[in-house]
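Notes for the one structure printed next.
Numbers here simply count residues along the sequence, with the first being 1. A quick note: this is a predicted structure, and the numbers were derived from the prediction, not measured. For the numbers below, each heavy atom of this structure counts, side chains included, while hydrogens, waters and symmetry mates do not.
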Amino acid sequence: MRDDSLSALVKALLSPSKEDVWAKAHYCDSENERRGFRKDDYGNWIHRDQHGKRNHQYGWEIDHVHPSSLGGNDRLSNVRPLHWQANVRKSDTTPGLLGLTQALARRGGSL
């Protein structure tokens, strides 16, 4: 087995499952929980069965809080469920940089 194949296998085995990440979504109430709905960190409604579905109103993705491209890891502590549209907007920014970018945009500026 090549080194890159081995490292990909180890990464897959150590990465959190979709269920582990879903468990980090915000519980709202028993009725929404029964129906499969929770909220992401930005308050967007997401549905348990809509993981990876960008064509769905409640689709969600596994987001890296600190992006992989900026040195973030795949540990459960660095990932979260995020509505797919919020994840697209966030792109490769960190939470602090995203807030600054949004504040500047509201004032008509940019980074």
Sequence neighbours left out, what passes ring pair (Phe, Tyr, Trp, His ring centres under 6.0 Å) with His64? Give chain and number order.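 Once residues adjacent in sequence are excluded, His64 has no partner under the ring pair (Phe, Tyr, Trp, His ring centres under 6.0 Å) criterion.
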Can you tell me how far CZ of Arg38 sits from CG of Asp29, rounded to the nearest 0.5 angstrom? 11.5 Å
Interatomic distance, Ser77 atom OG to Lys24 atom NZ [nearest 0.5 angstrom]: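 Atom-to-atom, Ser77:OG and Lys24:NZ are 6.5 Å apart.
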Within the side chain of Asn44, is there an N or O that forms a donor-acceptor pair under 3.5 Å with the backbone of His83? no
Look only at the side chain of Asn78 and the backbone of His66, and say whether a donor-acceptor pair between them is shorter than 3.5 Å.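 Yes: the side chain of Asn78 pairs with the backbone of His66.
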List, by chain and number, the other hydrophobic cluster members for [X], where Ile, Leu, Val, Met, Phe, Trp and Tyr join if side-chain heavy atoms come within less than 4.5 Å, directly or indirectly.
{"X": "Val79", "result": "Val21, Trp22, Ile46, Trp60, Ile62, Leu76"}
{"X": "Tyr58", "result": "Phe37, Trp45"}
{"X": "Val88", "result": "Trp84"}

Quick one: closest heavy-atom pair of Pro67 and Lys90, and the distance?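 The pair with the smallest heavy-atom distance is CG-NZ, 4.2 Å.
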Of all the heavy-atom pairs spanning Cys28 and Lys39, show the shortest one and how long it is. SG-CG, 3.7 Å
Taking everything shown except Arg75 itself, do over 12 heavy atoms lie less than 6.0 Å from its CZ?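 Incorrect, the count does not exceed 12.
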Sequence neighbours excluded, the answer for side-chain hydrogen bond (donor to acceptor under 3.5 Å, both in side chains) partners of Arg35 is none
Quick one: does Gln50's side chain get under 4.5 Å of Gln57's, heavy atoms only?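 A side-chain contact under 4.5 Å is absent here.
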Tell me, please, which residues at least two apart from Asp41 pass salt bridge (Lys or Arg N to Asp or Glu O under 4.0 Å). Arg80
For Arg48 and Glu19, run salt bridge (Lys or Arg N to Asp or Glu O under 4.0 Å): C-alpha distance rounded to whole Å, both residues' side-chain angles, the deciding distance at 0.1 Å, then the answer. CA-CA 9 Å; Arg48 180 184 204 118; Glu19 293 303 313; 2.3 Å; yes
Assess whether side chain to side chain contact (heavy atoms under 4.5 Å, CB included) is satisfied between Glu61 and His51, documenting all intermediate values. CA-CA 6 Å; Glu61 298 173 341; His51 173 257; 5.5 Å; no
